[in-house]
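In what follows, every chain begins at residue 1, and chains take the letters A, B, ... in the order their sequences are listed. Here the structure is a predicted model, which is why all the values come from computation and not from measurement.
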Protein chains: 2
Amino acid sequence: MDLRKLRYFLTVAEERNLGRAATLLHISQPPLTRQIHQLEQELGVQLFNRTPKGMELTEAGTLLAQEARNIFSLVQQASEKTQRASQGRLGRLDIAVFGSGVLDTIPRLLLRFKQDYPEVKVVLHTMEKEEQIQALRQHRITVGFNRMLKPLPDLTSELVNRERLLLAVNENSPLATQSVIKFRELADYPMVLFSSSSRPNFVDKVMSLCYAAGFTPEITQEVGDVVTGVSLVASGFGVCLVSKSASSLSLPGVVYREISDLPENATIDLSCVFRSGDDSRLLTSFLETLRNFKREEMIGEVE
Amino acid sequence: MDLRKLRYFLTVAEERNLGRAATLLHISQPPLTRQIHQLEQELGVQLFNRTPKGMELTEAGTLLAQEARNIFSLVQQASEKTQRASQGRLGRLDIAVFGSGVLDTIPRLLLRFKQDYPEVKVVLHTMEKEEQIQALRQHRITVGFNRMLKPLPDLTSELVNRERLLLAVNENSPLATQSVIKFRELADYPMVLFSSSSRPNFVDKVMSLCYAAGFTPEITQEVGDVVTGVSLVASGFGVCLVSKSASSLSLPGVVYREISDLPENATIDLSCVFRSGDDSRLLTSFLETLRNFKREEMIGEVE
DNA sequence: GTTTCTCCATACCTTTTCTGCATGAAGACA
DNA sequence: TGTCTTCATGCAGAAAAGGTATGGAGAAAC
């Protein structure tokens with residue numbers, strides 16, 4: 001059974017007349033007769049009763065006509081969906097985020113993407129950096145978000161934004177009342193820091209800043225993620241250096257303070273990683289939204 | 001886009017290799033290549049990335065493959081359903097019953113038909129006799145049930161069963177306590193009867209029985225249907241002659257009694273009517289069940 | 001009752017489309 | 001570099017679909 005035969009059948013079923021149906025189909029009547037006969041023979045079912053008045057549907061024919069309409073509707077949809085998918089406007093995009101990366105920037109970006117491409121289903125996976133790299137290579141995800149990725153040949157990373165460090169301090173700490181905080185002063189306060197296993201680059205960055213400022217920080221507790229870190233600050237474990245976007249995380253007893261003399265390079269980069277040479281249309285769409293988003297964010301910061 | 005191309009596409013999509021797919025499809029590789037190209041061109045969408053390892057689905061291709069599977073499943077179902085419909089095992093059968101005909105016999109028959117042909121959807125319509133005739137001629141129904149139809153050239157009627165008359169009497173009436181009731185005795189009791197507009201044949205039959213017995217009945221009330229008639233008996237309006245199947249209608253205060261000397265022809269026929277020469281498979285199926293049903297009912301009565 | 005008209009079916013030929021064989025081009029792998 | 005695998009292309013043959021002419025059967029009109 002072929003779609004042409006089915007189309008012919010449906011037209012005859014609706015016209016109840018071979019001649020008119022043939023005209024509508026832009027063919028002559030005899031081949032149409034043959035195609036209908038063939039369809040009946042293929043199915044082993046009589047679809048029409050031939051009367052002097054025309055072609056009258058049998059019960060089986062009536063049912064097939066309904067089914068045929070469904071089939072054509074599905075075929076039509078399939079064609080349209082395929083075309084939308086080829087334009088990166090329909091489909092499924094698997095994205096990985098790291099534990100605390102879901103704060104601030106990424107949700108706003110994803111919301112923006114959802115507005116731009118409402119038919120794309122975004123599936124979020126929580127993965128740490130190494131897991132993301134593996135998942136990208138295995139095509140389990142298309143995009144990963146993380147911080148400070150070392151360059152890799154098969155993966156391309158693109159900077160999403162660069163945030164200066166902020167200090168999370170307990171509201172009862174003397175630092176909370178100071179109008180200006182210098183980095184050097186942190187030497188006098190215990191510090192909560194990520195464990196070097198979970199965020200080696202971040203730890204290295206903080207440690208090297210401290211060394212440059214001439215002190216070794218007193219680490220009271222190592223934590224695996226920002227939320228835990230900030231909640232320890234709330235409990236009075238010490239101060240904690242976090243990225244600016246983490247300041248959207250407001251816990252009772254915690255305030256965020258800028259450090260006045262932070263060096264230029266004391267920043268945390270949020271990057272977006274994908275397979276080099278991935279020409280997927282969904283990725284292209286996503287990167288387009290990402291670049292628009294960056295442009296608008298920069299304008300926002302300048303203002 | 002025709003089903004052949006779609007089948008080819010799906011096979012290639014599943015094999016991810018033109019050569020293997022061609023083997024499975026029992027064609028050689030070059031035509032398959034061309035068909036895939038044509039499909040891509042028709043849709044204006046690249047469905048595969050050609051790699052030295054084989055054919056790799058694009059996002060659009062992945063989506064089309066899913067849709068294609070749905071389409072084939074629907075086509076398969078359509079074919080099977082059509083064949084079942086041609087055997088009278090699937091479809092919709094519109095049946096008309098008269099007001100009180102839904103009592104006893106017809107429900108049992110319909111239940112039996114539902115067991116024999118579970119995939120046939122029976123739609124019941126309540127219509128009086130003349131309405132049924134019109135509906136049959138307009139093909140709005142396929143079968144009608146009614147009582148005592150006069151012969152018509154374009155409609156065939158088949159006897160379903162023949163029921164003797166029963167007398168519905170109020171439990172307080174002297175007749176209720178009598179062991180034997182003779183027809184002649186009805187002359188002394190007021191009677192509830194159908195109006196001659198709703199059941200002319202039934203009224204004629206009762207009146208002629210009374211005349212033959214030598215009396216004219218005192219009609220206290222004319223009613224349109226059995227249920228009303230029997231409820232008037234319950235209220236003490238008089239006695240009412242009903243068909244045996246109506247006795248399944250039990251109302252408080254009403255008992256049913258046989259009449260000992262009822263003539264042979266004092267019967268009510270339940271007939272089934274359909275268009276003469278209707279060769280619909282559903283009707284054939286229905287009549288087959290009906291005849292089996294009649295056979296079993298007769299055996300039941302003999303026992 | 002015959003004619004005419006309207007349908008669908010069949011015969012025969014033409015045209016299009018698909019298929020197979022042979023072969024080419026390009027990247028992977030040893 | 002040679003070989004292997006994979007997809008792409010040219011050309012001829014086969015199959016399927018389409019067109020024209022015509023037949024046959026029933027309904028409607030005269």
Side-chain angles (χ1 to χ4, degrees), chain A residues 1-43 45-58 60-61 64-65 137 153-154 275-279, chain B residues 1-43 45-58 60-62 64-65 137 139 153-154 275-279:
Chain A
M1 187 185 341
D2 171 5
L3 286 185
R4 191 191 323 105
K5 280 201 182 62
L6 213 56
R7 166 74 60 202
Y8 287 1
F9 161 73
L10 193 55
T11 307
V12 175
E14 280 167 355
E15 291 300 317
R16 288 171 157 69
N17 177 309
L18 276 177
R20 279 202 303 279
T23 308
L24 285 177
L25 293 166
H26 306 294
I27 60 171
S28 63
Q29 171 260 317
L32 186 53
T33 298
R34 273 196 299 271
Q35 296 286 339
I36 299 293
H37 280 167
Q38 279 177 25
L39 182 59
E40 288 184 324
Q41 204 151 12
E42 265 178 50
L43 293 170
V45 170
Q46 193 176 343
L47 300 170
F48 293 100
N49 289 319
R50 276 73 170 174
T51 74
K53 284 176 208 143
M55 306 284 274
E56 189 181 69
L57 279 172
T58 61
L64 184 60
R137 287 184 175 146
D154 59 337
R275 287 181 292 277
S276 309
D278 184 345
D279 59 351
Chain B
M1 173 170 14
D2 76 23
L3 287 184
R4 191 191 330 106
K5 279 200 182 65
L6 213 55
R7 165 74 61 200
Y8 286 2
F9 161 73
L10 192 56
T11 307
V12 174
E14 280 168 355
E15 291 301 317
R16 291 173 155 66
N17 177 308
L18 277 177
R20 279 203 303 278
T23 308
L24 286 176
L25 293 164
H26 305 294
I27 60 170
S28 64
Q29 171 261 317
L32 186 53
T33 298
R34 275 193 292 269
Q35 295 288 338
I36 298 293
H37 279 167
Q38 280 177 25
L39 182 59
E40 288 184 323
Q41 205 151 12
E42 264 178 50
L43 293 170
V45 170
Q46 192 174 343
L47 299 170
F48 293 101
N49 290 319
R50 277 74 170 171
T51 73
K53 283 177 209 144
M55 305 285 274
E56 190 180 69
L57 279 172
T58 61
T62 308
L64 183 61
R137 287 185 174 144
H139 288 69
D154 60 338
R275 287 181 292 278
S276 308
D278 185 346
D279 59 350

Please state how far atom [atom1] in [X] lies from atom [atom2] in [N], giving the value in whole angstrom units.
| X | N | atom1 | atom2 | answer |
| --- | --- | --- | --- | --- |
| A/Asn49 | D/dA25 | CG | P | 19 Å |
| A/Glu15 | C/dC8 | CD | P | 11 Å |
| A/Met55 | C/dC7 | CE | P | 13 Å |
| A/Asp2 | D/dA16 | CG | C1' | 11 Å |
| B/Glu42 | C/dC18 | CD | C1' | 14 Å |
| A/Arg34 | D/dT20 | CZ | C1' | 11 Å |
| B/Leu18 | C/dG20 | CG | C1' | 16 Å |
| B/Leu32 | C/dT17 | CG | P | 19 Å |

What one should report as the nearest heavy-atom pair of B/Met1 and A/Leu3 is O-CD1, 3.3 Å

Of the options [options], whose atoms approach the side-chain atoms of [X] most closely?
| X | options | value |
| --- | --- | --- |
| A/Ser28 | C/dT10, C/dA22, D/dG19 | D/dG19 |
| B/Tyr8 | C/dT19, D/dT6, C/dA9 | C/dT19 |
| B/Ile27 | D/dA8, D/dG18, C/dT19 | C/dT19 |
| A/Asn17 | D/dC7, D/dG26, C/dC8 | C/dC8 |
| A/Pro31 | D/dG18, C/dG20, D/dT9 | D/dG18 |
| B/Arg50 | C/dT10, C/dT19, D/dA8 | D/dA8 |
| A/Thr33 | D/dT9, D/dA17, C/dC8 | C/dC8 |

When A/Gly19 and B/Gln38 are each assigned the nearest nucleotide of DNA chain C, the 5'-most assignment goes to A/Gly19

When you measure from the side chain of [X] to the backbone of [Y], do you find a donor-acceptor pair of N or O atoms at a distance under 3.5 Å?
| X | Y | answer |
| --- | --- | --- |
| A/Gln29 | A/Leu18 | no |
| A/Glu56 | A/Asn49 | no |
| A/Gln35 | A/Arg4 | no |

Q: Answer yes or no: does a side-chain N or O of A/Gln35 lie under 4.0 Å from OP1 or OP2 of D/dG18?
A: yes

So, OP1 or OP2 of D/dA17: does either fall under 4.0 Å of a side-chain N or O from A/Arg4? yes

Heavy-atom nearest nucleotide on DNA chain D taken for A/Lys53 and for B/Gln29; more 5' hit belongs to B/Gln29

Result for side-chain contact (heavy atoms from CB on, under 4.5 Å) between B/Thr11 and one of B/Leu32, B/Leu6, B/Thr23, B/Leu24 points to B/Leu24

